[in-house]
Amino acid sequence: MTTAQTQELDVQPTPLALLLLGREADPKSERGVECPGDLPSPSDPDLVARARAAKEKLGDKVFVLGHHYQRDEVIQFADVTGDSFKLARDAAARPEAEYIVFCGVHFMAESADILTSDDQKVVLPDLAAGCSMADMATAEQVAECWDVLTEAGVAEQVVPVSYMNSSADIKAFTGKHGGTICTSSNAQRALEWAFRQGEKVLFLPDQHLGRNTAVRDMGMSLDDCVVYNPHKPNGGLTVEELRAAKMILWRGHCSVHGRFSLDSVNDVRERIPGVNVLVHPECRHEVVAAADHVGSTEYIIKALEAAPAGSKWAIGTELNLVRRLANRFAPEDKEIVFLDKTVCFCSTMNRIDLPHLVWALESLAEGNLVNRIEVDKETEAFAKLALERMLALP
């Protein structure tokens with residue numbers, strides 16, 4: 001149907017349609033979609049030289065952070081690489097850097113803004129680089145969930161534990177309600193702490209990390225866990241189910257890690273005899289149960305560093321990292337393959353491409369602050385409280 005025909009019918013595009021076209025923002029999401037200014041062409045052969053020149057012009061005024069899941073063309077300009085929390089702490093340790101350019105996604109840049117000084121400005125090269133998992137728990141939904149828990153008479157027994165992969169609003173909710181943040185590396189310690197404070201845990205927003213930690217690492221049963229679905233009345237749970245549960249898991253997941261299946265594990269074992277299956281704890285419970293090793297991105301990297309020459313590994317995490325590790329360890333005769341046959345990039349992480357990075361760096365070099373991520377003071381205070389509880393974990 002042509003535009004003229006649409007106008008004749010007086011058909012108005014829906015907010016969702018405009019969002020998908022990149023012409024509107026979703027106020028209930030952590031993401032924005034606008035990126036003011038003209039980006040350089042992705043086919044510009046001088047992009048690498050332009051990025052290097054802008055970064056050199058900025059000197060110590062800029063500190064570039066690169067998440068492990070970023071594409072190689074971006075990672076080459078990172079001053080440090082790591083997972084989201086490590087990078088946020090690295091930024092806080094560089095107070096002389098006026099600009100923190102975070103090559104990651106929105107919630108990561110928020111965490112960096114929370115942990116850095118007021119004089120530092122955090123920049124996200126593309127505001128549309130969000131996180132589908134973080135978007136699965138909005139402040140309004142979580143507040144409604146707490147009302148449900150209150151009406152069921154269990155809220156006073158519940159301690160919220162929120163994964164680092166959550167918006168600043170969710171981190172603030174967690175801090176305000178006596179909870180803590182966790183990473184995929186310290187989730188067990190966070191849960192052990194939480195159960196010393198109360199009888200139940202509300203785990204946000206990744207159900208798989210919460211379930212895997214509770215059942216695999218802490219010996220709970222699957223029956224101890226219930227899933228709260230924010231799109232159903234009362235989360236789709238009865239009062240009895242809420243009162244019986246130890247772990248109330250938010251119905252959220254990682255779009256990348258959630259794709260791996262038990263069939264993926266069985267298939268790779270058939271194709272590569274003697275392979276070691278190493279997966280991230282954001283994967284489904286049946287995948288984690290069938291794997292040989294489970295751990296965070298940092299754990300995965302260290303495991304491969306320590307692996308003997310000639311060993312074979314199938315990795316269940318984001319493809320950019322797996323491919324980078326395969327190339328890195330190929331000279332040591334370590335065979336490293338992606339767990340699934342289907343290509344599985346993190347689509348939002350991949351929005352940070354070289355044109356966006358060049359645009360951000362060149363804008364800063366010209367004295368124009370773009371795409372600043374700034375968390376309001378009240379949200380920051382409560383979010384920082386939750387993060388400080390995590391840092392104080394034994």
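In the hydrophobic clustering, where aliphatic and aromatic side chains (Ile, Leu, Val, Met, Phe, Trp, Tyr) are joined below 4.5 Å either directly or transitively, M136 stands alone. V215 forms part of a hydrophobic cluster together with L222, judged by ILVMFWY side-chain heavy-atom separations under 4.5 Å.
Residues passing the side chain to side chain contact (heavy atoms under 4.5 Å, CB included) test with V48 are R52, Q76, F77, L354, sequence neighbours excluded. Annotation: side chain to side chain contact (heavy atoms under 4.5 Å, CB included) contacts of K377 (sequence neighbours excluded): D118, E380. With sequence neighbours left out, the ring pair (Phe, Tyr, Trp, His ring centres under 6.0 Å) criterion links Y69 to H67. With sequence neighbours excluded, the residues that form a side chain to side chain contact (heavy atoms under 4.5 Å, CB included) with E335 are I272, K312, V337. The side chain to side chain contact (heavy atoms under 4.5 Å, CB included) check on Q141 picks up T138, P230, H231, W250, with sequence neighbours excluded.
Other residues, nucleotides and ligands contribute more than 12 heavy atoms inside 6.0 Å of the CD atom of Q197. The number of heavy atoms from other shown groups lying within 6.0 Å of CG (D376) is above 12. Counting heavy-atom neighbours within 6.0 Å of E378 CD, excluding the residue itself, gives a total of 12 or less. Under a cut-off of 6.0 angstrom, the local environment of CZ in R269 is crowded, with over 12 non-hydrogen atoms contributed by other residues, nucleotides or ligands.
The distance from the CE atom of M108 to the CG atom of D83 is 8.0 Å, given to the nearest 0.5 Å. One finds the CD1 atom of I315 at 6.0 Å from the CD1 atom of I300 (value rounded to the nearest 0.5 Å). We find the CG-OG distance between D267 and S261 to be 9.0 Å, quoted to the nearest 0.5 Å. Taken from CD1 in I248 to SG in C225, the straight-line distance is 10.5 Å, to the nearest 0.5 Å. Put simply, NZ on K61 and NZ on K121 are 9.0 Å apart, with the number rounded to the nearest 0.5 Å. Taken to the nearest 0.5 Å, the CD atom of Q157 stands 13.5 Å off from the CG atom of L202.
Between the side chain of R259 and the backbone N or O of C254, no donor-acceptor pair lies under 3.5 Å. With R71 contributing its side chain and N350 its backbone, the two residues share a donor-acceptor pair below 3.5 Å. Listed for the R243 side chain is no donor-acceptor partner under 3.5 Å among the backbone atoms of V154. A donor-acceptor pair under 3.5 Å links the side-chain atoms of E241 to the main chain of T238, judged by distance alone. Checked by atom type and distance alone, the side chain of E318 pairs as donor or acceptor with a backbone atom of N320 at under 3.5 Å. A donor-acceptor pair is defined here as one N or O able to donate and one able to accept, closer than 3.5 Å; no such pair exists between the side chain of T379 and the backbone of V375. Distance alone, capped at 3.5 Å, is enough to place a donor-acceptor pair between the N212 side chain and the H208 backbone. Counting only distance, with no hydrogens or angles, the side chain of D44 and the backbone of P40 share no donor-acceptor pair below 3.5 Å. Side chain of R284 to main chain of G258: a donor-acceptor pair is present (N/O by atom type, distance under 3.5 Å, no hydrogens or angles). Judged by distance alone, the side chain of D292 and the main-chain N or O of V277 form a donor-acceptor pair under 3.5 Å.
For the ring pair (Phe, Tyr, Trp, His ring centres under 6.0 Å) condition, the pairs that include at least one residue of residues 275-295, sequence neighbours left out, are H257-H280, H293-W313. Sorted by first then second residue, the ring pair (Phe, Tyr, Trp, His ring centres under 6.0 Å) pairs that include residues 80-102, not counting sequence neighbours, number zero. For residues 180-192, the side-chain hydrogen bond (donor to acceptor under 3.5 Å, both in side chains) pairs, not counting sequence neighbours, are T183-N186, S185-S296, Q188-E192. Applying the ring pair (Phe, Tyr, Trp, His ring centres under 6.0 Å) rule to pairs touching residues 128-187 yields W146-F173, W146-H177, F173-H177, sequence neighbours excluded.
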Apply side chain to side chain contact (heavy atoms under 4.5 Å, CB included) to V159 and K200, showing your working.
CA-CA 6 Å; V159 177; K200 304 174 186 291; over 6 Å; no
Give every donor-acceptor pair under 3.5 Å between a side-chain atom in residues 382-394 and any protein atom, sequence neighbours left out.
| from | atom 1 | to | atom 2 | distance (Å) |
| --- | --- | --- | --- | --- |
| K384 | NZ | I114 | O | 3.4 |
| R389 | NH1 | G175 | O | 3.1 |
| R389 | NH1 | G179 | O | 2.8 |

